[in-house]
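Computed from a prediction, not measured in an experiment: that's the story for all the values here.
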Amino acid sequence: MNLTGKWIFEEDFYFGKDFGELVWSQKGTEIEGVLKFTEEIQGDKPFDVELQIQGEINGIQIYFRAVAFEIINAVEDIDYSLDSWEGIINRHGQIVGSSYDEDGICGVFTLTRKV
C-alpha cells in the first residue's frame, strides 16, 4: 500500500485533542510530509501547529516522527514538544496507533485517507 496523499488526522491525549490533515509522500519504505493540525488543550485557547515529519513503513507497521515545527495563530507563548507515532494499517486502510512526545505525554491517533 502506498501512503502518498492526504490523510485526516485525529489524536486524543490525556488532556486534549488534535485534528487536522497530513500530506505525505512515500518512496520505497521512507515517508515524509507535513502534518497541520489544531491542538485543543483543556483550559487553554486552541492553536495551530505545522510539523515536518519523517518515517518509515515496514509491512503494515508504520513509524514517523516530527523533525521540525512551527506554531501558528497562538495568542500566547507555547512550549511545544516534538511527537513520535507508531501504528499499523488496519484492514479498513486506516492507520491507528499511539503517540508520545518528548515530555512523555502519550495519546492515540487515527489517520484516514482523504477522498
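- Under the 4.5 Å side-chain contact rule for hydrophobic residues, I53 and I105 share a cluster.
- Annotation for D77: atom CG does not count as buried by contact number, only 12 or fewer foreign heavy atoms lying within 6.0 Å.
- No donor-acceptor pair under 3.5 Å is formed between the side chain of Q52 and the backbone N or O of A68.
- The line from CG of L3 to OG1 of T29 is 11.0 Å long, rounded to the nearest 0.5 Å.
- The side-chain heavy atoms of I62 and L111, taken from C-beta on, include no pair separated by under 4.5 Å.
- At a threshold of 4.5 Å between non-hydrogen side-chain atoms, the residues L22 and V34 do not count as touching.
- A donor-acceptor pair shorter than 3.5 Å can be found between the side chains of T112 and Q94.
- Other residues, nucleotides and ligands place no more than 12 heavy atoms under 6.0 Å from the CD atom of E10.
- Applying the side chain to side chain donor-acceptor pair (under 3.5 Å) rule to K17 yields the partners D12; only residues at least two apart in sequence or on another chain are considered.
- Y14 and Y100 fall into different hydrophobic clusters, defined by Ile, Leu, Val, Met, Phe, Trp and Tyr side-chain heavy atoms under 4.5 Å apart, directly or through other members.
- Scanning both residues, M1 and G93, for their nearest heavy atoms gives CE-O, 3.8 Å.
- Heavy-atom minimum distance, R113 versus N2: NH2-O, 2.7 Å.
- Using cut-offs of 30° and 60° for the angle between ring planes, the Y80 and F37 rings count as tilted.
- Residues satisfying the side chain to side chain contact (heavy atoms under 4.5 Å, CB included) criterion with I72, sequence neighbours excluded, are D48, E50, E70.
- Annotation: the span from D103 atom CG to L82 atom CG amounts to 10.0 Å, rounded to 0.5 Å.
- Between I89 and G59, the shortest heavy-atom contact is CD1-O, 4.4 Å.
- Side-chain contact between D83 and L35 is absent, with no heavy-atom pair separated by less than 4.5 Å.
- Nearest heavy-atom pair across W85 and S99 is CD1-CB, 3.3 Å.
- With a 4.5 Å cut-off on side-chain heavy atoms, K36 and F9 do not count as touching.
- Side chains of I78 and V49 form no contact here, defined as non-hydrogen atoms less than 4.5 Å apart.
- In terms of heavy-atom proximity, G28 sits nearest to I57 at O-CG2, 4.4 Å.
- Residues that satisfy the salt bridge (charged side-chain N to carboxylate O under 4.0 Å, His left out) test with E21, not counting sequence neighbours, are K114.
- Note on F13: it clusters hydrophobically with I71, by side-chain heavy-atom contacts below 4.5 Å among ILVMFWY residues.
- Between the side chain of T110 and the backbone N or O of V96 there is no donor-acceptor pair closer than 3.5 Å.
- Put simply, CD on E39 and CD on E11 are 8.0 Å apart, with the number rounded to the nearest 0.5 Å.
- By the criterion of side-chain heavy atoms lying less than 4.5 angstrom apart, applied directly or through intervening Ile, Leu, Val, Met, Phe, Trp or Tyr residues, F109 is not grouped with Y63; the two fall into different hydrophobic clusters.
- In terms of hydrophobic clustering, with Ile, Leu, Val, Met, Phe, Trp and Tyr side chains grouped at heavy-atom distances under 4.5 Å, F69 and W24 are assigned to a common cluster.
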